[in-house]
Number of protein chains: 2
Amino acid sequence: MATLVERLEASGLRLTAQRRAIAEALDGTDRHVTADDLLPQARARIPEIGRATVYKALAAFVATGQVGEFALPGEPVRYDPNAGVAHHHAVCDACGAVIDVPIGDDLTHLAPPGFVAHSGDLVLHGRCAACAGQTS
Amino acid sequence: MATLVERLEASGLRLTAQRRAIAEALDGTDRHVTADDLLPQARARIPEIGRATVYKALAAFVATGQVGEFALPGEPVRYDPNAGVAHHHAVCDACGAVIDVPIGDDLTHLAPPGFVAHSGDLVLHGRCAACAGQTS
DNA sequence: TCGCTATCGAGACTCTGTCTCGATAGACTG
DNA sequence: CAGTCTATCGAGACAGAGTCTCGATAGCGA
Ligand SMILES: [Zn+2]
Ligand SMILES: [Zn+2]
Ligand SMILES: [Zn+2]
Ligand SMILES: [Zn+2]
């Protein structure tokens, strides 16, 4: 898999220095981070980068389909550099970890009659391997 | 299926006049509404009801498991009076409609090794029956 | 090189949701 | 019924996430 910067270039997005810094910061983590998490990371590369720039860059990345976003109720939106490969997410109730789950079945066949689904986001809730072992 | 008010009573929640008004307002719609959507509906029953009261009441309802919540990126949390029966959601890209989808398969078996899943929320994206027919 | 346009940065602004705190309403006791 | 104890209420201040405005800048094509 190419880097996020390469995939964004390939998608035709104009890659400025700021967007490159933000894409590198996002790609450098396997976590699922928020925009405000990313700001200090991006500033490590370009100190004068603005907060609005991060939001606008992430929106542009999402529009290309190379970056995913998902939201849990009551939490800020998280961005996912791994959207080139479709996958689902498992969220640990105990520690909050978000784990990528490879896609097995196609889930769009679950759509009701008449609904034309092009994608589906599944979020599993439970205990991750580390937390399940403990008798909380 | 009993009304939401009845189900909340059965779950042992203290049902004040305000909570009853909010539960009736929520139950009276088949849509998936936000807390602030609900405020005027609740005030139609009890005019002096406060905004914080609606938020706190909804949080209490969710804690009983009789009301569901789900979030789309960039949108306020929506509340679902129909959580007594587990179901998924289909969201129309074009008109924004949120449609209940009866559960078919159990999806928790998709969890990765070691992860103990107790529930899964699936959100399908696409076009609803009304919007799919049109050549937008 | 010139100019057009998308992007940038700063900060004000909006919106969603939470917290504080004094007042109130119930439940429970006797 | 009166007293007490506690959960809930309402108002408004507050906080966090995200957007908008607008003048400045940088990249791209001609
Ligand atoms: Zn965990
Ligand atoms: Zn992911
Ligand atoms: Zn539609
Ligand atoms: Zn629903």
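Naming convention: chains lettered A, B, ... in sequence-line order (proteins, then strands); numbering from 1 in each chain.
Along DNA chain D, the nucleotide closest to B:Arg43 and the one closest to B:Arg14 are compared, and the more 5′ of them pairs with B:Arg14. The 5' end of DNA chain C is approached more closely, in terms of each residue's nearest nucleotide, by B:Thr34 than by the other of B:Thr34 and B:Ala17.
The shortest distance between side-chain heavy atoms of A:Ile22 and A:Thr53 falls below 4.5 Å. Proximity of A:Val62 to A:Tyr79: side-chain heavy atoms (C-beta onward) are separated by under 4.5 Å at one or more points. Within the 4.5 Å cutoff, the side chain of B:Leu58 has heavy atoms near those of the B:Leu38 side chain.
The backbone N or O of A:Arg14 lies less than 3.5 Å from a partner atom in the side chain of A:Arg19, making a donor-acceptor pair. For the pair B:Arg51 (side chain) and B:Leu39 (backbone), a donor-acceptor distance under 3.5 Å is absent. Distance alone, capped at 3.5 Å, is enough to place a donor-acceptor pair between the B:Arg43 side chain and the B:Ile49 backbone.
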- prompt: Are B:Asp100 and B:His32 close enough, and set up right, to give a side chain to side chain contact (heavy atoms under 4.5 Å, CB included), and what steps lead you there?
  reply: CA-CA 9 Å; B:Asp100 280 352; B:His32 297 76; 2.9 Å; yes
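The two residues A:Leu26 and A:Pro81 come nearest to each other via the heavy atoms O-CG, 3.5 Å.
Sorted by residue number, the members of residues 44-58 of chain A with any non-hydrogen atom under 4.0 Å from DNA chain D read A:Arg51, A:Ala52, A:Tyr55.
A nucleotide of DNA chain C counts as in contact with chain B when one of its atoms lies under 4.0 Å from a heavy atom; the first and last such, 5' to 3', are C:dT16 to C:dG26.
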